[in-house]
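Here's the structure we're looking at; comments come further down.
On a predicted model such as this, the values are computed, not experimentally measured, just so you know.
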Amino acid sequence: MLLREATLADVAGLVDVQQAGAQLALAHIFPQSQHPFPRAAISARWAAEVASPDVDVLVVGRDPIEAFAAMRSDELLHFGTAVSTWGTGLAGEVHAELIERFVAAGHPSAWLRVFEQNHRARRFYEKMGWSATERRSRSPFAPHPVLVEYRIGL
C-alpha cells in the first residue's frame, strides 16, 4: 500500500505539493496575478480535515510528499500528485488504492467534483472510469469557477 494516514505534521508538505500542481495546471482557471494560491486558507482547510473524524486524509511519502487524497464517506474530496511524478503512473496506482478503500467501506458508488476547465484531471478521471453528471456547483475560491460532479460505480 502506498497511502498512509496524514498527520498535522504533513500539512505544510501536502500544501506545497498542492500549490505547485495548482499553479501549473490551473493557471488558466486561477490566474496567479489576480487569484494567487490561497495558501493560508488551504492550509487551514487541510488541518481541519486531518483533525476531522469524518475525513480520511491520506498521503504518499514523507519528505517530500508525492501524493495526497481526502475521502469523506463516498466522496473523493481531494486528489493530486507532485508535479515531479506526473506521467509516472503514480496517480493511477494511488487511484486504485482509493477505489479499494471505497469498496472496502461498502459504498456502491463514489463521487467527486472537478473544475470544469481542468481538462487534464477530467481526462484522468474519465480514463479511470468516472463519468460526468449533470450536477454543477461553484468553487468557494474566487473567481468561483464551475465544478463538475463525476461518479463511478464500484
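For the atom pair CD of Glu116 and CD1 of Ile29, the computed distance is 9.5 Å after rounding to the nearest 0.5 Å. Rounding to the nearest 0.5 angstrom, the gap separating the CG atom in Leu112 from the CH2 atom in Trp130 is 4.0 Å. Between the CD1 atom of Ile99 and the CD1 atom of Ile152 there is a distance of 4.5 Å, given to the nearest 0.5 Å.
With sequence neighbours excluded, the residues satisfying side chain to side chain contact (heavy atoms under 4.5 Å, CB included) with Ala121 are Val114, Asn118, Tyr125. Residues passing the salt bridge (Lys or Arg N to Asp or Glu O under 4.0 Å) test with Asp10 are Arg4, sequence neighbours excluded. With sequence neighbours left out, Phe37 forms a ring pair (Phe, Tyr, Trp, His ring centres under 6.0 Å) with no residue at all. Considering only residues two or more places apart in sequence or on other chains, Phe79 meets the ring pair (Phe, Tyr, Trp, His ring centres under 6.0 Å) condition with Phe124. Under the rule for a side chain to side chain donor-acceptor pair (under 3.5 Å), Glu100 has no partner lying at least two apart in sequence or in another chain.
Pairs engaging residues 142-154 under the salt bridge (Lys or Arg N to Asp or Glu O under 4.0 Å) rule: Arg135-Glu149, Glu149-Arg151 [sequence neighbours left out]. The side-chain hydrogen bond (donor to acceptor under 3.5 Å, both in side chains) pairs that include a residue from residues 79-88 are Thr81-Thr85, Thr81-Trp86, where partners are two or more places apart or lie in different chains. Residue pairs meeting the salt bridge (Lys or Arg N to Asp or Glu O under 4.0 Å) criterion with at least one member in residues 119-134, sequence neighbours excluded, do not occur. Within the structure, ring-ring contact (aromatic ring centres under 6.0 Å, His included) pairs that include any residue of residues 135-154 do not occur (at least two apart or interchain). The stretch residues 138-147 participates, sequence neighbours left out, in no salt bridge (Lys or Arg N to Asp or Glu O under 4.0 Å) pair at all.
Remark: the backbone N or O of Met128 is not paired with any side-chain donor or acceptor of His95 at under 3.5 angstrom. Checked by atom type and distance alone, the side chain of Glu93 never pairs as donor or acceptor with a backbone atom of Leu2 at under 3.5 Å. A side-chain donor-acceptor contact under 3.5 Å links Glu97 to the backbone of Leu3.
Cluster annotation: Leu77 and Leu26 are assigned to the same hydrophobic cluster (Ile/Leu/Val/Met/Phe/Trp/Tyr, side-chain heavy-atom contacts under 4.5 Å, transitive). Taking hydrophobic clusters as Ile, Leu, Val, Met, Phe, Trp and Tyr residues chained together by side-chain heavy-atom distances below 4.5 Å, Phe30 shares a cluster with Val17.
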Which atom pairs, donor and acceptor, lie under 3.5 Å between side-chain atoms of residues 42-50 and protein residues at least two apart or in another chain?
unit_1	atom_1	unit_2	atom_2	d
Ser43	OG	Arg39	O	2.9
Trp46	NE1	Gln18	OE1	2.7
Glu49	OE1	His78	NE2	2.9
Glu49	OE2	His78	NE2	3.1

Under 3.5 Å donor-acceptor pairs involving side-chain atoms of residues 58-73, not counting sequence neighbours:
unit_1	atom_1	unit_2	atom_2	d
Arg72	NH2	Glu75	OE1	2.9

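Heavy-atom minimum distance, Leu76 versus Phe102: N-CZ, 3.8 Å. Minimum heavy-atom separation, Gln23 to Ala27: O-CB, 3.4 Å.
For the pair Arg113 and Ser137, the minimum side-chain heavy-atom distance is below 4.5 Å. Taking 4.5 Å as the limit, some side-chain heavy atom of Val57 sits within range of a side-chain heavy atom of Leu14.
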